[in-house]
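What follows is a set of notes on a single structure, which appears directly below.
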Number of protein chains: 4
Amino acid sequence: MRQDKTGLIFQAAIDIFSDRGFDRATMDDIAARANVAKGTIYYHFKSKEDLFLFLVEEGIDLLRESVNEQIRPEMNGKDKLETAIRQQIRFFGEYRDFCIILLREAWGAEQRQKEFRKMLTQYTKSIEEYIRQAVEEGDFLQIEPESAAWTVFGGASIASLHLLLSKHREYKDEELANVVTTILMQGLQAK
Amino acid sequence: MRQDKTGLIFQAAIDIFSDRGFDRATMDDIAARANVAKGTIYYHFKSKEDLFLFLVEEGIDLLRESVNEQIRPEMNGKDKLETAIRQQIRFFGEYRDFCIILLREAWGAEQRQKEFRKMLTQYTKSIEEYIRQAVEEGDFLQIEPESAAWTVFGGASIASLHLLLSKHREYKDEELANVVTTILMQGLQAK
Amino acid sequence: MRQDKTGLIFQAAIDIFSDRGFDRATMDDIAARANVAKGTIYYHFKSKEDLFLFLVEEGIDLLRESVNEQIRPEMNGKDKLETAIRQQIRFFGEYRDFCIILLREAWGAEQRQKEFRKMLTQYTKSIEEYIRQAVEEGDFLQIEPESAAWTVFGGASIASLHLLLSKHREYKDEELANVVTTILMQGLQAK
Amino acid sequence: MRQDKTGLIFQAAIDIFSDRGFDRATMDDIAARANVAKGTIYYHFKSKEDLFLFLVEEGIDLLRESVNEQIRPEMNGKDKLETAIRQQIRFFGEYRDFCIILLREAWGAEQRQKEFRKMLTQYTKSIEEYIRQAVEEGDFLQIEPESAAWTVFGGASIASLHLLLSKHREYKDEELANVVTTILMQGLQAK
DNA sequence: GATGAATGAGACTTCATTCAT
DNA sequence: CATGAATGAAGTCTCATTCAT
């Protein structure tokens, strides 16, 4: 988008991080991809970790905005959740690199990974809220909302990721969303 | 278990890989943890990647055996799937390190990651089979089985992983299994 | 000569390689001798082999230029050859390190050694040409020129090398050149 | 020849040293080639260097014997030298591995290389003697015998080595000996 | 005599970061 | 603002040698 150096670096970093992972990505790779000198990255970002965290924050924010845009406060919890799942799957289709980064880099004991999870938790908390609302409204079974939220997030995310990494299959977001929402809302069982 | 050096190295490697991830784990760390000299690791394993892949193969095999043990051929597809989910969640509670390694290291374009996913796919294929069987038996909705299998695997796995990484919550496998199987089999919706 | 780091590294590498041989020479040694950090070498050269080959290429080029300078096209083959031998012996006296590297490292089945020999062959080919010309001009005996060229090169080189490695004798290039050219041109036999 | 372990190791060592050079050759390689355990080598030889020096000593002894066999004390110096050159070229054709080892490993400042050269010098000293005798007998030009001996040795050796390393040419020892002796005895010049 | 598992010093190479220009 | 040469700590891997069996 932005044509300034920061934007170039940002795009290049997403590219490289998703291709190689945080540890294998080098600042040289990123600089080369962004067509800037290595020192320039350090002018705009304090460190590799700083760059990564900036990018992750933007990504999570974008995901949240993208989902929130589709949700109106007056909707009931069930609709909110279904909308969120569907929108998340669309989002991962559009921002494939971020989907890959998210599922590769969020787990682990390092500082950046903890911060990553803290941001991610903001997102899953809102899923939790929708579930809570739907339970209160009597539309959902009584169920422990935190684990439910992570089950929902995990099911949708890993299904997306699998499709993104499959060379032989296209990522058709609406079809995938139908499968996933059906399972999560109605269950696999008939009736 | 095994008191030979290979066993010591194996245990140490699982420890260290799950703690630091493949890239951040060093052969020095592993050697120190296993109480052997660094060269000893290279006497038993060709390379870091070789060690990792060996460990992953054993892990996936163990997971599959652990699940298969609980499943009798005469069971219907629905019961097989429910049993598999429940058993997977138990397994991840017992082999936490492997659960973490699995979800951190399976995604990416490197050779070891591709091989990892190939092994993992053997496992998800069997989940797919249970779903297919249940669909044929009329117990499950008509649904695309591959994406369904990954949704199931992802939902159960990420829910496990979240709990394992939570400092403030205990991993109660039966409770978690109840939540997850309920969602996946009956859906979140009441009735 | 050159005061940039590349020049410093180049000089240090010649020193160390000739002292210890390719395999025994370490990048640490070379860095220390050049008064640069080890990483600096890798900034300028892709690898130890790359550095070695660069140095060898420069050496062979210098040898060829040094010889060619003394040879005018209108000279007859006999004079060309005699001039070449004499000049090679002078050159080895001036660039002792290169003489040692040449005779230690050119033989073997590894890639760098094959490339080394390919470069060296360019040089011996020109010796071969002088012999061919002298044969055509009737000044030389009918003789197989390729083996003759290597006999000439080997005789002059090993004689130089022996003197360079002798602690108790000085390298007097003109005296040595007299002995060697006499043998190769007139033979050992009197009359 | 000898079928005991020492003999097997000896043969294997020659093979491996000539193929990879002293530094690149590993005791594992040699053990594998000899079909013995690595420890066995250390039962028969003190160290890698010890093994190497033993092998070099045998080689040089064999070369000297092989040459001496052809030389009768009553021969004049000129015939002795010509016989020696011819026989050396035959020997290198028969013991190619040793020829390669000799010219790769004799130059350098390490202990084993100095010892190697000391042994080699015993051989070149005898060449020097033949030259001295021929000069005294009036058959050879007055010439400095030490440099002359190394010129002779170097010319013959490098010509042999070049042919041994040429994939496209056969090693025809008599033809090569004719070229080399002609050059060294009569010189390249016609008349 | 023979074995081969184990060792650890030491080699090559990578790469995040700095800083003088 | 931007650059890119330089750094050195740290990582993977090799291999001669030892020693308990």
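Residue numbering restarts at 1 for every chain, and letters A, B, ... go by the order of the sequence lines.
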In whole Å, I'd like the distance from the [atom1] atom of [X] to the [atom2] atom of [N].
| X | N | atom1 | atom2 | answer |
| --- | --- | --- | --- | --- |
| Phe45(D) | dA16(F) | CZ | P | 15 Å |
| Phe17(B) | dG11(F) | CZ | P | 13 Å |
| Leu51(D) | dA16(F) | CG | C1' | 12 Å |
| Arg20(B) | dA10(F) | CZ | C1' | 14 Å |
| Asn35(D) | dA2(E) | CG | P | 14 Å |
| Leu8(A) | dT3(F) | CG | P | 11 Å |

Sub-4.5 Å side-chain heavy-atom contact between Leu161(B) and Phe92(B):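 No - every pair of side-chain heavy atoms lies 4.5 Å or more apart.
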Sub-4.5 Å side-chain heavy-atom contact between Ile100(A) and Leu165(A):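 When only atoms from C-beta onward are counted, Leu165(A) and Ile100(A) do touch, with a gap below 4.5 Å.
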From CZ (Phe10(D)) to CG (Asp4(D)), nearest 0.5 Å: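 If we round to the nearest 0.5 Å, Phe10(D):CZ and Asp4(D):CG are 11.5 Å apart.
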Distance (rounded to the nearest 0.5 Å) between Thr26(D) OG1 and Ile16(D) CD1: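 So the OG1 of Thr26(D) and the CD1 of Ile16(D) are separated by 7.5 Å.
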Short side-chain N/O contact from His44(A) to OP1 or OP2 of dC1(F), under 4.0 Å: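 So the side-chain polar atoms of His44(A) never come under 4.0 Å of the phosphate oxygens OP1 or OP2 of dC1(F).
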For Asp23(D), the option from Arg104(C), Arg20(C), Arg24(C) that meets salt bridge (Lys or Arg N to Asp or Glu O under 4.0 Å):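 One option only clears the test, and that one is Arg24(C).
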Footprint string (nucleotides 13-21 of chain E, 5' to 3'): B base within contact, S backbone only, - free, heavy atoms under 4.0 Å: BBSSBB---
Arg112(C) side chain vs Glu49(C) backbone, donor-acceptor pair below 3.5 Å: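 Side chain of Arg112(C) to backbone of Glu49(C): no pair is present.
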Any donor-acceptor pair under 3.5 Å from Glu115(A) side chain to Leu53(A) backbone: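 Absent.
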DNA chain F base-pair string [pairs: Watson-Crick or G-U under 3.5 Å; |: paired with another strand]: .||||||||||||||||||||
Plane angle bin for Phe22(B) and Phe17(B) - parallel if under 30°, tilted between 30 and 60°, otherwise perpendicular: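 Phe17(B) vs Phe22(B) ring planes: parallel.
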